[in-house]
Amino acid sequence: MLDDLSFPFNNSFADEMEGFFVPWQGDKVPDPQIVVLNIALAAELGLDPTVLNSAAGAAALSGAMAPAGASPLAMAYAGHQFGGFSAQLGDGRAILLGELIDTEGRRRDLHLKGSGRTPFSRGGDGKAVLGPVLREYLMGEAMHALGVPTTRALAAVTTGEEIARNGLEKGAVLARIAASHLRVGTFQFFAARGETEKLRKLADYAIARHFPDIVGREDRYLEFFRRVRDAQASLVARWVNIGFVHGVMNTDNTTISGETIDYGPCAFIDNYDPKAVFSSIDQHGRYAYGNQPVIMQWNLSRFAETLIDLVNPEDSDDAIRQLTNEINAFPAHYQQEWLRGMRAKLGLLKELPEDLHLANDLLKACEGQDVDFTNLFRALAGSVRGNDELARANFDDPAVFDAWAARYHTRLAAEDIAAELRAEAMNRINPIYIPRNHLVEEALKAAVGGDLEPFHKLLAVLAHPFTEQDGSETYALPAPVDAHRHVTFCGT
Ligand code: AMP
Ligand code: MG
């Protein structure tokens, strides 16, 4: 135990949920060094950044030394990976160090990814390396700044180890903050073993933690399902609205809280393309950009299956009927959230019936036109101000845009609002800066080679994605033509 480093831990999972985890320590590592520290997030957690930045802080955040009050543990979970079920996954290279109550009273997990082998490691080495750790750091911070619920990085720490991946790479640990690490896969682990009482305990814990207003309600398990469904419908709608492709939407990477988790081979689309896939392991496009809502519904169906015995212990047919109704309501919830997002992107205030077609038809117009998704929507503020040039220039054939724009201008005229006000509101929704694949790759390559400057510059630009920043013009440019076939690797 490291006594001079005190985190105000308040560990509900370790204290209340015995049997759902294995108490476990991180590996001793030769030389823990903090590479990036999230000072703003540390403050939010009530942690002193100078203390975190010390040798003791680096040792704690690498997992090598458990600070006083920690109850480090590896969580059990199962999961469907690319459609196939694994009854035992679990924290194979991570530990939950403990929970902190932040300055706003929210309970948050402090979790270390890459801290060494655990009883769940199967054939893996339990380690992570610097490139993917920094990638998760950057993507999570970008998503947070874009207003998308997400886990966030508190720190990236190198361990002084050399890890075999593509040759030898620098070992690293990501200290991650999450609303919790409960996943659909956590429920699947106990459902697969027929442990109904444990499932009930897990569901009650999740309800108390994430949906406290339904604690004790008789219909709480069905309502719990609805809440998770709605949180996930809203989350995927946000992903689609900003052009994000998660890349590995396995059920173990689908949270109960509704936060985005596990940034592996994720990417933002450059050109609009519903079929866009970036991950080298997603051979059949299961997790393609446009397929994400369907997959989320599929994942929620797997979640619903784990709740059958809780929803109606006496009559499983009745439980299945009720849960099926709720699953079937997912597309409508998703579409409502997506359309809400699209209205905001288009600057529409009223809800008119034709909006759905207007939004869909813009996207259809983009197909095969090499349209940069992010830049098109940002340019629409120009159209609102009376100048279509910026938007139409995104199309190979600008006439395709003109046909749509005529309808758009008619629709805008249905609302009585000053163009400038509308344009400004749109600019608070449609980002200029996203983590474009070519920029991320450049920054990570430099960082792994020892030059962190491009990483910090990109991180700083992405912290304010809606604000034009002098000198950062290149960060808003589409990928060079030869970078379009971007491929991400799990690199784990
Ligand atoms: P992920 O692809 O990171 O979501 O991980 C899926 C599963 O594989 C989880 O159970 C991880 O703990 C496990 N895993 C991934 N990488 C490793 C590794 N290097 N060593 C041990 N387990 C791993
Ligand atoms: Mg995972």
Side-chain angles (χ1 to χ4, degrees), residues 13 16-22 73-94 96 109 111 118-122 124 151 178-211 220-233 235-236 246-262 264 286-287 292 294-313 316 319-320 322-324 326-327 330:
F13 196 76
E16 299 166 27
M17 300 299 284
E18 205 186 316
F20 292 76
F21 59 83
V22 181
L73 59 86
M75 291 170 78
Y77 56 84
H80 276 90
Q81 300 180 304
F82 290 90
F85 185 63
S86 289
Q88 183 162 322
L89 295 171
D91 285 336
R93 53 159 169 169
L96 173 63
D109 279 2
H111 166 108
T118 76
F120 301 108
S121 295
R122 298 170 291 156
T151 65
S180 84
H181 282 80
L182 301 176
R183 313 143 190 264
V184 167
T186 319
F187 286 80
Q188 289 182 292
F189 183 92
F190 297 97
R193 287 162 179 75
E195 300 198 64
T196 306
E197 282 323 300
K198 277 197 163 161
L199 270 174
R200 187 184 310 281
K201 189 167 176 190
L202 183 62
D204 283 333
Y205 176 83
I207 289 169
R209 188 152 173 183
H210 295 299
F211 310 104
R220 64 186 175 280
Y221 301 117
L222 189 64
E223 181 62 19
F224 173 44
F225 179 74
R226 282 192 203 106
R227 298 290 180 96
V228 175
R229 177 200 64 196
D230 292 353
Q232 291 294 349
L235 182 67
V236 178
H246 182 282
V248 225
M249 285 179 68
N250 295 330
T251 57
D252 57 305
N253 294 339
T254 303
T255 57
I256 299 305
S257 65
E259 283 184 340
T260 313
I261 198 168
D262 268 1
R286 179 180 172 88
Y287 299 145
Q292 297 182 112
V294 171
I295 289 294
M296 185 53 79
Q297 186 177 7
W298 192 88
N299 288 354
L300 289 168
S301 303
R302 303 292 76 74
F303 180 44
E305 285 163 4
T306 73
L307 299 178
I308 293 169
D309 287 347
L310 305 187
V311 165
N312 189 341
S316 58
I320 290 168
Q322 293 191 61
L323 285 161
T324 303
E326 300 301 339
I327 295 166
F330 177 87

J.: Enter the distance from Glu18:CD to Lys198:NZ here, rounded to the nearest 0.5 Å.
T.: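 If I round to the nearest 0.5 Å, the distance is 9.0 Å.
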J.: How many angstroms lie between CZ in Phe85 and NE2 in His80, if you round to the nearest 0.5 Å?
T.: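 Reported to 0.5 Å precision, the distance equals 6.0 Å.
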J.: Scan residues 74-85 for pairs that pass salt bridge (charged side-chain N to carboxylate O under 4.0 Å, His left out), counting only residues two or more places apart or in two chains.
T.: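 Residue pairs passing salt bridge (charged side-chain N to carboxylate O under 4.0 Å, His left out), neighbours aside: none found.
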J.: I want to check something: taking the side chain as every heavy atom from C-beta on, are Phe82 and Val248 in contact at a cut-off of under 4.5 Å?
T.: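 A side-chain contact under 4.5 Å exists here.
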J.: Looking only at non-hydrogen atoms, find the nearest pair between Asp204 and Arg220 and report the distance.
T.: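 It is OD1-NE, 2.9 Å.
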J.: To the nearest 0.5 angstrom, please state how far the CG atom of Leu235 sits from the CD1 atom of Ile261.
T.: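 Leu235 CG to Ile261 CD1: 11.0 Å, rounded to 0.5 Å.
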J.: Check Ala94 against Thr118 and note the closest heavy-atom contact, atom names and distance.
T.: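 That would be O-CG2, 3.8 Å.
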J.: Evaluate Val228 against Leu300 for side-chain contact (heavy atoms from CB on, under 4.5 Å), listing each step before the verdict.
T.: CA-CA 8 Å; Val228 175; Leu300 289 168; 4.0 Å; yes
J.: Can you confirm whether the side chains of Ser180 and His210 place a donor and an acceptor under 3.5 Å from each other?
T.: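 Distance-only check passes for Ser180 and His210.
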J.: Give me the ring orientation class for His181 and His111: parallel if the planes are under 30° apart, tilted from 30 to 60°, perpendicular past 60°.
T.: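 The arrangement is parallel - the two ring planes meet at less than 30°.
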J.: Would you call Asp109 and Arg209 a salt bridge, using N to O less than 4.0 angstrom?
T.: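 Salt bridge between Asp109 and Arg209, a charged N being under 4.0 Å from a carboxylate O: yes.
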J.: Indicate the atoms forming the closest heavy-atom contact of Arg122 with Gln88, along with that distance.
T.: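 Arg122 and Gln88 have their closest heavy atoms at CD-O, 3.8 Å.
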J.: Determine the minimum heavy-atom distance between Ala319 and Ile308, stating which atoms define it.
T.: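 Here Ala319 and Ile308 meet closest at CB-O, 3.4 Å.
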J.: Indicate whether any N or O donor in one side chain lies under 3.5 Å from an N or O acceptor in the other, for Tyr221 and Asn312.
T.: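 No, no side-chain donor-acceptor contact under 3.5 Å.
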J.: Has Glu16 got more than 12 heavy atoms of other residues, nucleotides or ligands less than 6.0 Å from its CD?
T.: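 Enclosed.
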J.: Give the minimum heavy-atom separation between Ala231 and Ser257, together with the two atoms involved.
T.: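 Heavy-atom minimum between the residues: CB-O, 4.2 Å.
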J.: To the closest 0.5 Å, what do you measure between OH (Tyr287) and NE2 (His246)?
T.: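 Here the interatomic distance stands at 9.5 Å.
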J.: Under the side chain to side chain contact (heavy atoms under 4.5 Å, CB included) rule, collect the residues that match up with Ala206, sequence neighbours excluded.
T.: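 Here the qualifying residues are Leu182, Phe187, Phe224, Ile256.
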J.: When you measure from the side chain of Thr255 to the backbone N and O of Gly258, does any donor-acceptor pair fall under 3.5 Å?
T.: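 It does hold such a pair.
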J.: Quick check against the 3.5 Å criterion: does Ser121 have a side-chain atom that pairs as donor or acceptor with the backbone of Gly92?
T.: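 Indeed, once roles are kept as given, a pair shorter than 3.5 Å links the two residues.
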J.: Tell me whether Gln188 contacts the main-chain N or O of Thr306 through its side chain, where contact means a donor paired with an acceptor under 3.5 Å.
T.: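 The answer is no, because no donor-acceptor pair under 3.5 Å joins these two groups.
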J.: Does Arg183 make a cation-pi contact with Tyr77 (under 6.0 Å, within 45 degrees of the axis)?
T.: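 Yes, Arg183 sits over the ring of Tyr77.
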J.: Give the minimum heavy-atom separation between Thr251 and Gly79, together with the two atoms involved.
T.: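 Smallest heavy-atom distance, with atoms named: OG1-CA, 3.2 Å.
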J.: Is any side-chain heavy atom of Leu199 closer than 4.5 Å to one of Glu195?
T.: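 Heavy-atom side-chain distance check fails, nothing below 4.5 Å.
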J.: Please check: side-chain N/O of Arg193 versus main-chain N/O of Phe189, any donor-acceptor pairing under 3.5 Å?
T.: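 Confirmed, Arg193 side chain pairs with Phe189 backbone.
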J.: Stepwise, does the side-chain contact (heavy atoms from CB on, under 4.5 Å) test hold for Thr186 with Leu202?
T.: CA-CA 9 Å; Thr186 319; Leu202 183 62; 3.9 Å; yes
J.: Which value, rounded to the nearest 0.5 Å, describes the distance between Phe211 atom CZ and Asp230 atom CG?
T.: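 Phe211 atom CZ to Asp230 atom CG measures 9.0 Å (nearest 0.5 Å).
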J.: Looking at Arg200 and Asp309, is any side-chain nitrogen of the basic one under 4.0 Å from a carboxylate oxygen of the acidic one?
T.: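 No, Asp309 and Arg200 are not salt-bridged.
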J.: When you look at Phe190 and Glu197, which way does the side-chain contact (heavy atoms from CB on, under 4.5 Å) test go after all the steps?
T.: CA-CA 9 Å; Phe190 297 97; Glu197 282 323 300; over 6 Å; no
J.: Salt bridge check: are Glu223 and Arg227 linked by an N-O gap of less than 4.0 Å?
T.: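 Counted as a salt bridge, because a side-chain N and a carboxylate O are separated by less than 4.0 Å.
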J.: With heavy-atom distances below 4.5 Å as the criterion, would you say the side chains of Phe21 and Leu96 are in contact?
T.: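 No, too far: nothing below the 4.5 Å cut-off.
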J.: Does the Asp91 side chain pair with the main chain of Met75, one donor and one acceptor, at a distance under 3.5 Å?
T.: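 Yes: the side chain of Asp91 pairs with the backbone of Met75.
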J.: Answer whether the closest heavy-atom distance between the side chains of Arg229 and Ile327 falls below 4.5 Å.
T.: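 A side-chain contact under 4.5 Å is absent here.
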J.: Would you say the side chain of Phe120 lies within less than 4.5 Å of the side chain of Leu89, judging by non-hydrogen atoms?
T.: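 No, every pair of side-chain atoms sits at 4.5 Å or beyond.
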J.: Hey, what's the ring geometry for Tyr205 with Phe13, parallel, tilted or perpendicular (30° and 60° as the breaks)?
T.: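 The arrangement is perpendicular - the two ring planes meet at more than 60°.
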J.: Could you check whether Thr254 and Asn299, counting side-chain N and O atoms only, form a donor-acceptor pair closer than 3.5 Å?
T.: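 Note: Asn299 and Thr254 side chains meet the donor-acceptor criterion.
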J.: Taking atom CG of Leu222 and atom CD of Gln322, what is their separation to the nearest 0.5 Å?
T.: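 Rounded to the nearest 0.5 Å, the CG-CD separation comes to 5.0 Å.
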